[in-house]
Amino acid sequence: MTPAVATVCLVGSGLILARPVAAQKTVHQSRHLAFPAGLASGLAMSMASAGGPPLMLYLLRSGLDVTQLRATAILFFAASSACALLGLWLFDALGTEHLQLAVGLLLPALLGNFAGQYLHHRWQPGSLRVIVGALLAGLSGWLLLTSLSTALTVSL
């Protein structure tokens with residue numbers, strides 16, 4: 001499953017980087033793609049906790065400014081993650097070890113969020129599309145390589 005998710009994310013990053021928005025769309029013009037983008041993102045989130053690529057493909061082409069885009073993504077991920085968490089809880093797939101792991105990840109995540117907020121206000125990147133695409137490509141490429149090397153090692 002990991003190589004498939006990494007491949008989808010790698011394709012998504014290529015789509016983000018490949019074609020810039022030709023003309024600035026208004027938010028209203030891109031609303032017809034909201035349902036399929038939300039559906040794809042929710043499905044990816046529930047299946048593999050990888051709802052970012054479909055959502056970012058949609059948001060980067062929506063005409064939102066950077067601050068609105070970031071706020072929309074954060075709100076969407078909070079709601080989508082809560083729904084995925086509810087599904088995991090209903091299927092009895094959560095235990096105390098998951099809670100302990102999440103608590104252990106909370107401080108680094110908060111530090112990363114504070115660092116990101118600090119950097120966002122002091123360093124205005126030229127293109128959010130390029131940064132998101134490059135970051136997604138690098139992470140998904142790394143994930144694909146490590147998952148394939150692990151699979152090869154196990155099969156030998």
What side-chain donor-acceptor pairs closer than 3.5 Å can you find for residues 131-142, not counting sequence neighbours?
residue, atom, partner, partner atom, Å
Ser140, OG, Leu10, N, 3.4
Ser140, OG, Leu136, O, 2.6
Ser140, OG, Ala137, O, 3.3

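- Cluster note: Leu111 groups with Leu107 through ILVMFWY side-chain heavy atoms spaced under 4.5 Å, whether in direct contact or through intervening members.
- Two different hydrophobic clusters hold Phe114 and Leu119 under the rule that ILVMFWY side chains link at heavy-atom gaps under 4.5 Å.
- Qualifying side chain to side chain contact (heavy atoms under 4.5 Å, CB included) partners for Leu55, counting only residues two or more places apart in sequence or in other chains: Ser41, Leu59, Ala73, Phe76, Phe77.
- Interatomic distance, CH2 of Trp89 versus CG of Leu85, reported as 10.0 Å (0.5 Å rounding).
- In this view, Thr67 and Asp65, His120 satisfy the side chain to side chain contact (heavy atoms under 4.5 Å, CB included) rule, not counting sequence neighbours.
- Ser81 contributes atom OG, which lies 10.5 Å from atom CG of Leu88 (distance to the nearest 0.5 angstrom).
- Under a 4.5 Å side-chain heavy-atom criterion applied to ILVMFWY residues, the cluster that includes Phe91 comprises that residue alone.
- Within the 4.5 Å cutoff, the side chain of Thr7 has heavy atoms near those of the Leu144 side chain.
- Annotation: the span from Leu101 atom CG to Thr96 atom OG1 amounts to 11.5 Å, rounded to 0.5 Å.
- Listed by chain and number, the hydrophobic cluster partners of Leu152 come to none, as no ILVMFWY side chain reaches under 4.5 Å of it.
- Side chain of Thr146 to backbone of Leu143: a donor-acceptor contact under 3.5 angstrom is found.
- Note that OH of Tyr58 and OG1 of Thr72 are 8.5 Å apart. Values are rounded to the nearest 0.5 Å.
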